[in-house]
Amino acid sequence: KGWSYAHRGLHGNGIPENSMAAFRRALEHGYGIELDVHLMNDGKLAVVHDSSLKRTAGADVRIEDLTAEDLAGYPLEGTEETIPLFSDVLALYAGKAPLIVELKTELEKIREQVQNIE
């Protein structure tokens, strides 16, 4: 209803996608946001599009294997921005604008967990 959305935040010009800077910028410009979340190893939700951090942080690791404490070690696109927690984005937006949230799953990780249960 009358909202425009910034896909992965309002990023570009040195502001990485799915970063707190991109989300602040979107909010300042009156946009709702679309974002992606992944469940991490500690049960927290990280805001990042890909399971692999290779494209956004240059690291050959999967977000599902990390914890919230680990995120500071993965700067986004060579900036000081790091992967935010979903709770931080919720606190920023706090009813100010709408969010579209896509829950991402890494199929292989799910298969491993199911096999461990069996």
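From a predicted model like this one, the values you see are computed outputs, not experimental measurements. Along the sequence shown, residues carry numbers from 1.
Side-chain contact between Asn13 and Arg25 is present, with heavy atoms from C-beta onward closer than 4.5 Å. Ile33 has its side chain within reach of Tyr93: a pair of non-hydrogen atoms, C-beta onward, lies under 4.5 Å apart.
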>> Checking Leu92 against Leu27 for the side-chain contact (heavy atoms from CB on, under 4.5 Å) test, could you report, in this order, the C-alpha distance in whole Å, the side-chain angles of both residues, the deciding distance, and whether it holds?
In response: CA-CA 9 Å; Leu92 173 67; Leu27 190 57; 4.2 Å; yes
> Tyr74 and Leu66: side-chain contact (heavy atoms from CB on, under 4.5 Å), yes or no, with the steps?
Replying inline: CA-CA 10 Å; Tyr74 297 95; Leu66 301 179; 3.7 Å; yes
> Under the side-chain contact (heavy atoms from CB on, under 4.5 Å) criterion, do Met40 and Thr67 qualify, and how do the steps go?
Replying inline: CA-CA 6 Å; Met40 293 189 299; Thr67 65; 5.8 Å; no
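Ion pairing of Lys54 with Asp60 is absent here, as no side-chain N (NZ or NE/NH1/NH2) approaches a carboxylate O to less than 4.0 Å. For Arg55 and Glu77, the salt-bridge test fails: no basic side-chain N is under 4.0 Å from an acidic carboxylate O.
If you run side chain to side chain contact (heavy atoms under 4.5 Å, CB included) between His49 and each of Asp36, Val37, Leu35, only Asp36 comes through.
Other residues, nucleotides and ligands contribute over 12 non-hydrogen atoms within 6.0 Å of the CD atom of Glu102.
Using a 3.5 Å distance cut-off with no hydrogens or angles, the side chains of Glu64 and Ser51 do pair a donor with an acceptor.
Hydrophobic clustering of Ile, Leu, Val, Met, Phe, Trp and Tyr side chains at less than 4.5 Å, counting indirect connections, unites Leu103 with Phe86. At a threshold of 4.5 Å between side-chain heavy atoms, the hydrophobic network of Ile, Leu, Val, Met, Phe, Trp and Tyr places Ile83 and Met20 in two separate groups. Leu45 and Val48 fall into different hydrophobic clusters, where Ile, Leu, Val, Met, Phe, Trp and Tyr side chains are chained together by heavy-atom contacts under 4.5 Å. Cluster membership check: Leu99 shares its hydrophobic cluster with Val47, using side-chain heavy-atom separations under 4.5 Å among Ile, Leu, Val, Met, Phe, Trp and Tyr. At a threshold of 4.5 Å between side-chain heavy atoms, the hydrophobic network of Ile, Leu, Val, Met, Phe, Trp and Tyr places Leu85 and Leu53 in one connected group.
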